[in-house]
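Presented below is the structure to which this report refers.
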2 protein chains.
Amino acid sequence: MIQRKARAPRHTLDRATIAAAALELMDTDGIRSLTIRSLAARLSVAPMALYNHVRTKEEILDAAREHGLARLSVSAGTEGPWWDRIREINLAFHHALREHPSLVGLLVARPLGGNAPIDAAEAQLRVLVEAGFAPDDAARAHLTLLHYAIGSAAWTSPRVEPQAVGRELLERLPAERYPTFAALAAPLAEASYDPKQYAYGLDLLLAGLRAATTPSTHPDLRK
Amino acid sequence: MIQRKARAPRHTLDRATIAAAALELMDTDGIRSLTIRSLAARLSVAPMALYNHVRTKEEILDAAREHGLARLSVSAGTEGPWWDRIREINLAFHHALREHPSLVGLLVARPLGGNAPIDAAEAQLRVLVEAGFAPDDAARAHLTLLHYAIGSAAWTSPRVEPQAVGRELLERLPAERYPTFAALAAPLAEASYDPKQYAYGLDLLLAGLRAATTPSTHPDLRK
DNA sequence: ACCTGAACACCGTTCAAGT
DNA sequence: ACCTGAACACCGTTCAAGT
């Protein structure tokens, strides 16, 4: 009567299934809790079955990262001023990173080339070039936006410790040594967990870029 | 004649020594190669000796992160315009992160409160408040600068794979699908590994912040 | 008090075996 | 071809023992 160790059917596994399950497991339980054994259990399969589709655990992490980034659709239209289109691209990228808490860790730990989601990067570079940026400036602007999105997502996304830690530690700082910190504790705590904080910085960058492209009207803002 | 298993003297170990050795080992050999056993070997001590000064490996990682950040001296003077002082603080922070390749990984994996090097943060917040930023704007500006520095360091610092990978992969992209990428390959590759790339983005942010503080002269740059 | 060695429950991965 | 189980060399950590 007891059904024991039913053998898994012949083609229950493939790279995509493994990648999706791995990312899901990491998003919910944290990167550290992904092991060959835990992933196999989640897929109702013997640990060694995974090695028929993948050579190492590293390869699973790579596949999971690509799977997460694949969801990123580049929706920047061709309408409107260039800064609005850049804004849209970056908000979408940042949103994708925030949707998969484990994705940032995967990106930081192992690069995908040097320029993450290639489709989004191509779209962004095109907009910048069309806006009149010289090749060198377009490259630098693109990297700046990429870095800011990564950093914001990395610092904001849920980590090992619960988010409450940050707020508590912040409130426990000695006020006599850190007076400004203490005075700004409330707005800092709020902005730290405000989903719109990313957009604030993005708009600062865009303002800087716009100033750089119209030097004649704002000469004092040039580098 | 053969000296074997000499017992280590009584007080060869303490938290600071362990933290310094751990950070050094991670900086040179990568985060993954830090194990209790490898660290103990480097300190010429039995693995279990470490547990007299530390409760878990996590605690060693925390100590290593704090040790790396402790080197950050806040050198921003009180002279000059506020944007120059902000610039100095952030360049120093970014420089500290780049000096210890493993530090960024430690910061992203486990937060130190929500605001990394507290002394530097206090200094930066003070400058912003003195410059006339409202509490909420000062908090948002501070977080933006912090996130950008983290992201830039994270994306730029050496990873598991050699840096060459990025450049190679970038050159192998199909030019018909990614024409702008192909056209900008040279400036992108150069900017990607240019230590001054961080300063470029920092100056963009500062330009945006300056525009935000002088709304009367540049009304079109306001958010 | 602080360093040590053996042991335990994990982990990624190899190897030979099943179907 | 693809899934499986036993085994190996690791890992972090507990426990009892040395000095």
Side-chain angles (χ1 to χ4, degrees), chain A residues 2-23 25-26 28-65 102 105-106 109-110 159-161, chain B residues 2-23 25-26 28-65 102 105-106 109-110 159-161:
Chain A
I2 296 172
Q3 187 81 326
R4 53 167 58 202
K5 307 203 177 181
R7 198 182 175 90
R10 282 287 280 208
H11 288 86
T12 36
L13 249 42
D14 56 27
R15 259 186 92 93
T17 312
I18 293 174
L23 187 64
L25 200 157
M26 293 167 105
T28 53
D29 298 351
I31 289 189
R32 284 196 46 191
S33 69
L34 177 83
T35 68
I36 296 287
R37 285 165 168 90
S38 69
L39 181 57
R42 189 193 195 82
L43 291 164
S44 305
V45 125
M48 286 315 299
L50 300 174
Y51 284 88
N52 287 309
H53 305 88
V54 126
R55 255 198 323 265
T56 64
K57 186 187 178 183
E58 300 262 293
E59 222 174 286
I60 295 181
L61 294 177
D62 286 346
R65 184 201 52 199
S102 62
L106 293 176
R110 58 197 72 245
R159 332 283 179 86
V160 190
E161 308 280 328
Chain B
I2 296 172
Q3 190 79 324
R4 52 166 58 200
K5 307 203 176 181
R7 199 181 175 92
R10 283 286 280 208
H11 288 85
T12 35
L13 247 45
D14 57 28
R15 260 185 92 94
T17 312
I18 293 174
L23 186 64
L25 199 157
M26 294 167 104
T28 52
D29 299 351
I31 289 188
R32 286 196 46 192
S33 71
L34 178 83
T35 68
I36 296 287
R37 285 164 167 88
S38 69
L39 181 55
R42 189 192 195 80
L43 290 164
S44 306
V45 128
M48 287 316 298
L50 300 173
Y51 284 87
N52 288 309
H53 306 87
V54 126
R55 256 197 325 264
T56 64
K57 186 187 177 180
E58 300 262 292
E59 223 174 285
I60 295 180
L61 295 177
D62 286 345
R65 182 201 53 199
S102 61
L106 292 176
R110 57 197 70 243
R159 333 280 180 88
V160 192
E161 308 280 327

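Below, chain A is the first sequence line, B the second, and so on; all start at residue 1.
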Consider the side chain of Ala8(B), meaning its heavy atoms from C-beta on, and name the nucleotide among dT4(D), dT13(C), dC3(C) that approaches it most closely. dC3(C)

In whole Å, what is the span from the CG atom of Leu50(B) to the P atom of dC3(C)? 9 Å

Would you kindly give the NZ-to-C1' distance between Lys57(B) and dT14(D), to the nearest whole Å? 18 Å

Tell me the interatomic distance from Ile60(B), atom CD1, to dC11(D), atom P, rounded to whole angstroms. 14 Å

Whole angstrom is fine here: how far is it from CZ in Arg15(B) over to C1' in dC2(C)? 17 Å

Quick check: on DNA chain D, is the nucleotide nearest Ala46(A) upstream (toward 5') of the one nearest Arg55(B), or the reverse? Name the residue that is more 5'. Ala46(A)

Quick one: is Tyr51(B) getting a side-chain N or O under 4.0 Å of the dT14(D) phosphate, OP1 or OP2? no

Applying side chain to side chain contact (heavy atoms under 4.5 Å, CB included) to Val45(B) and Leu13(B), what does each step give before you reach the verdict? CA-CA 9 Å; Val45(B) 128; Leu13(B) 247 45; 4.0 Å; yes

In terms of side-chain heavy atoms of Thr35(B), which of dT4(C), dG12(D), dT13(C) is nearest? dG12(D)

Are Leu61(B) and Ile31(B) close enough that some pair of their side-chain heavy atoms sits under 4.5 Å apart? no

Would you say dC3(C) has OP1 or OP2 under 4.0 Å from some side-chain N or O of His53(B)? yes

Tell me: CG of Asn52(B) to P of dT13(D), nearest whole Å? 14 Å

Taking all non-hydrogen atoms of both residues into account, name the closest pair between Val54(A) and Glu59(A) and its distance. CA-OE2, 3.9 Å

Give a yes/no answer on whether the side chain of His11(B) brings an N or O atom under 4.0 Å of OP1 or OP2 in dC3(C). no

Expressed in angstrom and rounded to an integer, what is the separation of Met48(A) atom CE from dG12(C) atom C1'? 9 Å

Any idea which of dC11(C), dT4(C), dC2(D) is nearest the Arg10(A) side chain? dC2(D)

Under 4.0 Å between any heavy atoms, over every strand shown, what does Ala49(A) touch: base, sugar-phosphate, or nothing? Just pick one. base

By the Watson-Crick or G-U definition, both distances under 3.5 Å, dA9(C) is matched with none

Answer with base, sugar-phosphate or nothing: what part of the nucleic acid does Pro47(B) contact at a heavy-atom distance below 4.0 Å? nothing

Minimal heavy-atom distance between Pro47(A) and Ala40(A), with the atoms involved, is CA-CB, 3.4 Å

Expressed as a whole number of angstroms, how long is the span from Leu39(A):CG to dG12(C):P? 10 Å

Taking all atoms of both residues into account, what is the closest heavy-atom pair of Leu23(A) and Leu106(A), and its distance? CD1-CD1, 4.3 Å

Interatomic distance where CG belongs to Leu61(B) and P belongs to dG12(D) [whole Å]: 10 Å

Shortest non-hydrogen contact from Lys57(B) to Thr35(B)? NZ-CA, 4.3 Å

Hunt down the Watson-Crick or G-U wobble partner of dA16(D), both distances under 3.5 Å, from any strand shown, or write none. dT4(C)

Judged by each residue's nearest nucleotide on DNA chain C, which is more toward the 5′ side, Arg37(B) or Pro9(B)? Pro9(B)

Under 4.0 Å between a side-chain N/O of Thr12(A) and OP1 or OP2 of dC3(D), yes or no? yes

